[in-house]
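All ligand and atom numbering here is 1-based and tracks the order in the structure.
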Amino acid sequence: MSDPFAARYLGRLVLGGGVAAVKCRTCGEPAVINMRQHKLALCADHYVAWFQGQTERFIGKYGMFTSEERVLVAVSGGKDSLALWDVLLTLGYQADGLYIGLGIDGGVQYSAESLEMAQRFAAGRAGAELHVVDIAGEYGLGVPEAAQLTIRGRTKPCAVCGMVKRHVMNRVARDGGYAVLATGHNLDDEAAVLFGNTLHWQVGYLARQAPVLQESAGGLVRKVKPFCRFYERETAAYTLLQGIDYIYVECPFADGATSIHHKLVLNGLEAEAPGTKLQFYLSFLQARRAGAFAGMEGSAPEMLACRTCGQPTTAGDQCAFCRLWETVRVRRHS
Ligand code: Q46
Ligand code: ZN
Ligand code: ZN
């Protein structure tokens with residue numbers, strides 16, 4: 001299935017067969033993408049090579065992981081995570097995928113479709129191992145239904161969903177002996193989070209926002225975002241040029257999320273002055289490195305092992321994930 005919105009990523013350049021005036025900076029052939037923010041236009045081959053090279057550079061620059069370390073890629077079936085898995089495999093990293101079946105339908109069979117995309121990708125790449133955790137299969141209910149039972153009155157399951165994903169990702173990474181968990185967050189995602197945290201001056205969150213979150217003593221694995229400096233348009237262009245099929249509909253619950261409004265504001269600024277988003281994010285990282293938020297992280301909460309599952313938790317003797325399913329069990333039968 002091809003993305004009917006592909007035009008927004010590559011624009012007329014590729015769909016219209018190339019615009020003669022815009023040439024690849026490397027070889028002079030017609031360009032397929034013009035990145036005004038980098039003052040760089042490239043043809044398909046040179047764009048793919050540039051994108052892979054930049055990813056390698058970011059991994060090294062931020063000390064994310066080495067080629068000896070095993071990486072678990074959180075794969076949603078969307079363009080960013082599949083592009084990330086593709087690049088890491090191409091660069092020769094030991095990268096496996098993890099797909100979490102959340103049981104979201106929303107009239108578009110969101111979970112079923114996204115699983116198919118992840119499986120299709122894995123089947124087409126030699127040595128690509130995909131772990132699949134099906135929440136409804138393991139716990140009896142999908143995330144939206146479990147959320148309904150536990151956060152009565154609120155319509156969105158996102159807080160529960162995020163917690164479930166964090167728990168499962170950490171568990172699979174630890175159990176599988178992975179050194180690091182990689183997610184496909186791109187610059188648009190990171191800039192939107194940064195914008196939200198800045199609007200509310202949430203200095204604790206600002207102090208912790210980074211391309212790498214080191215593992216914690218209590219057993220939380222290292223988390224990295226190798227695409228944090230790529231615009232969404234750039235990851236999408238890579239996915240399209242590599243012919244990777246991905247699910248292009250958003251999760252139905254994403255509609256109306258604050259982060260989407262923040263992205264729209266940032267897109268408006270970017271249209272006026274290309275490069276604004278990247279500058280916003282990079283200047284923040286620089287300020288952070290220079291100590292602008294030093295000491296503002298708040299003291300690290302004490303980590304205990306959950307009495308039910310053994311995973312690290314800051315929520316007393318039982319983690320939020322295990323408490324969720326206990327509540328679900330009680331309420332389902334009451
Ligand atoms: S949290 Fe919410 Fe996402 Fe979960 S329910 Fe969908 S929109 S998938 S990133
Ligand atoms: Zn070229
Ligand atoms: Zn637990």
Side-chain angles (χ1 to χ4, degrees), residues 13-14 18 22-35 40-51 53 74-81 99-111 113-115 118 135 138-139 142-148 150-151 154-171 174-175 183-186 188-189 192-193 218-220 241 247 249-260 263 303-329:
L13 290 176
V14 74
V22 183
K23 299 270 196 335
C24 171
R25 184 203 277 177
T26 309
C27 70
E29 290 295 310
V32 296
I33 185 163
N34 186 11
M35 296 173 284
L40 179 65
L42 293 168
C43 69
D45 287 353
H46 287 120
Y47 179 73
V48 166
W50 174 83
F51 189 89
V75 173
S76 68
K79 59 186 179 330
D80 300 301
S81 55
Y99 175 86
I100 304 174
L102 302 164
I104 296 172
D105 182 280
V108 290
Q109 298 202 313
Y110 176 74
S111 286
E113 277 261 358
S114 51
L115 171 62
I135 298 297
E138 280 192 27
Y139 300 95
V143 165
E145 292 78 22
Q148 268 305 317
T150 50
I151 52 163
R154 274 192 268 153
T155 47
K156 290 215 179 214
C158 293
V160 169
C161 181
M163 181 270 286
V164 165
K165 286 193 282 194
R166 283 192 298 277
H167 177 97
V168 173
M169 288 191 284
N170 200 63
R171 183 184 77 201
R174 273 180 19 150
D175 291 354
T183 56
H185 292 99
N186 59 43
D188 293 51
D189 300 323
V193 169
L220 290 174
L241 290 171
I247 181 161
V249 291
E250 298 262 7
C251 169
F253 295 109
D255 218 25
T258 326
S259 60
I260 293 184
K263 282 183 179 178
M303 290 275 188
L304 297 171
C306 168
R307 67 177 147 83
T308 311
C309 71
Q311 280 233 75
T313 175
T314 55
D317 70 339
Q318 193 180 36
C319 75
F321 182 87
C322 292
R323 273 190 285 127
L324 168 82
W325 294 109
E326 238 174 63
T327 308
V328 166
R329 262 194 304 278

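For the pair A305 and G310, the tightest heavy-atom approach, listed with the atom from each and the gap, is CB-O, 3.9 Å.
When heavy-atom distances to ligand 1 are checked against a 4.0 Å cut-off, K165 comes that close only through its side chain, counted from C-beta outward.
The closest side-chain heavy-atom distance from M163 to F321 is below 4.5 Å.
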Between side-chain atoms of residues 40-48 and protein atoms elsewhere (two or more places apart, or another chain), which donor-acceptor pairs fall under 3.5 Å?
| residue | atom | partner | partner atom | Å |
| --- | --- | --- | --- | --- |
| Y47 | OH | E234 | O | 2.6 |

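Below the 2.8 Å limit, atom 2 (Fe) of ligand 1 has as protein N, O or S neighbours C158 SG.
For the side-chain contact (heavy atoms from CB on, under 4.5 Å) test, residues two or more places apart in sequence or in another chain that qualify with T314 are P301, M303. The side-chain hydrogen bond (donor to acceptor under 3.5 Å, both in side chains) test applied to K263 returns D189, not counting sequence neighbours.
Separating the CG atom in D105 from the CD atom in E113 is a distance of 10.5 Å, to the nearest 0.5 Å.
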